[in-house]
Amino acid sequence: REEEEEEEEEEEKDTNDSSNKKTKKSKEERQKERLLKKQQKASSKETLKSKIPTHDEHGIAYSKLQIRRMMKRVKQGLHPVPTPEE
């Protein structure tokens, strides 16, 4: 009986090892996908930042809050600085 139990335990370990290998591959793939997605997001953010002015017409720098608001406006396809009509 002890030998049978040991054999069963070994079989369970083997199946666990094979399933771990599968998850390990998928984990690596997920990491690669995550890196690609992160790089794409960073590049799109840089292109949006290039469309946004850093200083107003009086030479005063915009605050972080104003820059975030302008980023959202540019994402929606609007002009970064709200016009008086809006």
Side-chain angles (χ1 to χ4, degrees):
R1 289 186 178 181
E2 290 177 10
E3 291 176 6
E4 291 176 5
E5 290 176 3
E6 288 177 7
E7 288 177 9
E8 289 176 5
E9 288 176 7
E10 287 179 16
E11 289 176 9
E12 289 177 9
K13 287 180 184 177
D14 290 341
T15 56
N16 288 340
D17 289 342
S18 64
S19 65
N20 285 341
K21 289 178 184 176
K22 289 179 185 177
T23 56
K24 199 169 195 176
K25 281 186 180 181
S26 63
K27 183 178 179 181
E28 290 171 358
E29 291 173 359
R30 287 192 307 255
Q31 287 175 340
K32 289 178 183 178
E33 290 174 3
R34 206 175 302 128
L35 281 173
L36 287 173
K37 195 173 183 180
K38 190 175 181 181
Q39 290 171 348
Q40 290 173 347
K41 187 176 179 181
S43 66
S44 66
K45 188 174 181 179
E46 287 300 318
T47 56
L48 288 175
K49 276 189 173 183
S50 67
K51 297 178 183 179
I52 294 173
T54 56
H55 296 79
D56 64 359
E57 64 273 0
H58 303 293
I60 302 170
Y62 287 113
S63 67
K64 288 182 182 179
L65 182 66
Q66 290 170 317
I67 290 173
R68 286 188 192 122
R69 194 177 302 135
M70 286 190 274
M71 289 279 282
K72 288 180 183 179
R73 289 179 57 83
V74 170
K75 281 183 185 178
Q76 294 175 354
L78 300 171
H79 192 269
V81 180
T83 59
E85 297 168 357
E86 293 178 16

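In this text the structure is predicted, and so the values were computed from the model without any measurement. Residue numbers run from 1 in the order of the sequence given.
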Item to complete: Please examine the side chains of Pro82 and Arg69, heavy atoms only from C-beta on, and report whether any two atoms are closer than 4.5 Å.
Response: no

Worksheet item: To the nearest 0.5 Å, how far apart are NZ in Lys51 and NZ in Lys75?
Response: 12.0 Å

Discussion item. Can you confirm whether Ser26 sits close enough to Arg30 that some side-chain heavy atom of one is under 4.5 Å from a side-chain heavy atom of the other?
Written reply: yes

Practice prompt. Determine the minimum heavy-atom distance between Ser44 and Lys41, stating which atoms define it.
Written response: OG-O, 2.8 Å

Practice prompt. With sequence neighbours left out, write down each residue that passes side-chain contact (heavy atoms from CB on, under 4.5 Å) with Leu35, or none if nothing qualifies.
Written response: none

Worksheet entry | Which residues share a side-chain contact (heavy atoms from CB on, under 4.5 Å) with His58, sequence neighbours left out | Asp56, Ile60

Worksheet item: Which residues satisfy the side-chain contact (heavy atoms from CB on, under 4.5 Å) test with Lys45, sequence neighbours excluded?
Response: Lys49, Met71

Discussion item. Which heavy atom of Val74 sits nearest to which heavy atom of Leu48, and what is that distance?
Written reply: CG1-CD2, 3.3 Å

Worksheet item: Who pairs with Ser43 by side-chain contact (heavy atoms from CB on, under 4.5 Å), at least two apart in sequence or on another chain?
Response: none

Practice prompt. Looking only at non-hydrogen atoms, find the nearest pair between Val81 and Met70 and report the distance.
Written response: CG2-SD, 4.2 Å

Worksheet item: Who passes side chain to side chain donor-acceptor pair (under 3.5 Å) against Ser63, sequence neighbours left out?
Response: Gln66

